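A short write-up of the structure that comes next.
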Number of protein chains: 2
Amino acid sequence: MNRRELAIFRKYLERRGLKLTSERQALFDEVFSKHEHVEADELLVRLRTKHKKISRATIYRTLELLVEAGVVGKLRIGEAGYRYERLHAGDHHDHLICDQCGRVIEFFEPRIEALQDEVAVRHGFVLLSHNHQMRGICKRCRPRSKGSGSFGAEAAGPVPVPISSRPRG
Amino acid sequence: MNRRELAIFRKYLERRGLKLTSERQALFDEVFSKHEHVEADELLVRLRTKHKKISRATIYRTLELLVEAGVVGKLRIGEAGYRYERLHAGDHHDHLICDQCGRVIEFFEPRIEALQDEVAVRHGFVLLSHNHQMRGICKRCRPRSKGSGSFGAEAAGPVPVPISSRPRG
DNA sequence: CATGGGATTGCGACTCTGTCTCAATTGAGA
DNA sequence: TCTCAATTGAGACAGAGTCGCAATCCCATG
């Protein structure tokens with residue numbers, strides 16, 4: 001249910017003397033209709049095809065409000081721009097992203113969270129937020145056993161060199 | 001020394017039948033001249049002020065080569081675009097970023113790295129890379145002595161910590 | 001030394017995201 | 001009904017990065 005998050009958004013608006021207009025409501029509904037990581041322009045398209053007259057500027061402005069209200073998360077996934085995801089109260093997670101199919105999987109690992117705090121303290125940082133993405137090939141895209149294996153569409157080279165994972169051992 | 005990385009770059013170019021032109025060498029030198037997290041356009045400015053005639057397109061194209069060769073890292077720090085950092089063989093680290101002054105601090109925590117692998121395995125992922133940023137207020141920017149506590153900010157709170165305003169000497 | 005051709009470059013046009021300005025509109029309360 | 005702030009849509013604008021293309025460079029040959 002989105003009741004709780006809608007209430008939070010309402011309260012947020014009220015507190016700042018803002019209004020819950022039909023455009024804002026429509027965008028809220030759209031974002032909360034599915035759990036996914038969506039781009040601003042796609043929301044525009046979706047609402048437009050539902051006969052909602054809404055402008056790009058309003059989409060961006062409203063998304064910003066939702067983010068500030070804390071009910072929507074703004075992520076950097078993919079090559080350009082942001083993606084948005086609905087958030088539920090008390091929810092926190094990080095992301096695993098498939099380089100092949102783009103699928104986004106959420107994970108939460110309390111031990112990592114704890115170690116982050118430790119690292120921050122070690123450097124005298126007051127931690128406000130973090131962004132933790134891991135990229136690779138998901139279960140579905142991975143060639144099982146010896147299947148097909150035809151990943152490299154790259155004509156020129158044996159590109160797939162893992163860049164930032166350090167050789168551990 | 002950059003000798004090692006230059007050799008890697010050379011080899012990479014050679015392997016693909018590409019040339020180490022004076023523009024590419026100049027950009028390499030510039031990136032490796034200091035350890036920092038620099039934007040493409042700043043490299044352009046720097047090289048131009050050094051009388052190197054070089055175009056924006058070449059900067060971007062060459063940076064891409066450096067990244068593919070594995071000697072330069074491409075990061076998303078800050079609100080827009082990318083930053084680049086030189087990488088040394090076997091080096092891996094993640095970043096702590098100060099929301100106040102923009103300072104970037106590197107950290108490496110082997111226990112987090114290990115847990116990442118664990119998470120990936122749990123989800124059937126083959127991990128290729130990751131991106132882990134923690135944001136907050138650094139030691140220097142933090143109000144000293146009595147913390148005045150006002151960081152926490154919750155529930156529709158006025159979170160707004162200034163995001164930009166970079167140092168730059 | 002001249003030639004040929006792929007690699008490289010610079011330029012400028014272009015795309016993509018997102019922001020901003022501003023006039024018109026809305027809507028809640030006086 | 002009137003007033004005035006909040007809201008909206010349209011389109012101009014901005015920043016970052018990409019692309020196409022003609023000119024140029026480089027280098028191996030002839």
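Note that the structure is a prediction, hence the values are computed from the model and not measured. Note that these values count all heavy atoms, side chains included, but never hydrogens, waters or copies made by symmetry.
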Sugar-phosphate only, base, or nothing, as touched by A:A80 at under 4.0 Å among non-hydrogen atoms: nothing
Sugar-phosphate only, base, or nothing, as touched by B:K19 at under 4.0 Å among non-hydrogen atoms: base
Closest nucleotide among [options] to the [X] side chain:
X	options	value
A:A57	C:dG18, C:dG10, D:dG9	D:dG9
A:I54	C:dC11, D:dG17, D:dG9	D:dG9
B:R24	C:dC11, D:dG11, C:dT8	C:dT8
B:T58	D:dT18, D:dG9, C:dG10	C:dG10
B:R48	C:dC11, C:dG18, D:dT7	C:dC11

Grab the [atom1]-[atom2] distance between [X] and [N] for me, whole Å please.
X	N	atom1	atom2	value
A:E42	C:dG18	CD	P	13 Å
B:Y84	D:dA16	OH	P	12 Å
B:K52	C:dG10	NZ	C1'	17 Å
B:L13	C:dA7	CG	P	13 Å
A:E14	D:dA5	CD	P	20 Å
B:I77	D:dA16	CD1	C1'	16 Å

A:H37 side chain to A:E106 side chain, donor-acceptor N/O pair below 3.5 angstrom: yes
B:Y82 and B:Y84 aromatic ring geometry - parallel, tilted or perpendicular at 30°/60° bounds: tilted
More than 12 heavy atoms of other groups within 6.0 Å of A:R122 CZ: yes
Polar side-chain contact B:R61-C:dG10 base: donor and acceptor under 3.5 Å: yes
Quiz item: A:R56 side-chain donor-acceptor pair to D:dG9 base, under 3.5 Å: no
N or O in side chain of A:T21 less than 4.0 angstrom from C:dG27 OP1/OP2: no
Short side-chain N/O contact from A:Y60 to OP1 or OP2 of C:dT19, under 4.0 Å: no
B:G17 or A:D41, whichever maps to the more 5' nucleotide of DNA chain C: B:G17
Pair B:H130 + B:H92: ring centers closer than 6.0 Å: yes
Pair B:R61 + B:E23, salt bridge at N-O below 4.0 Å: no
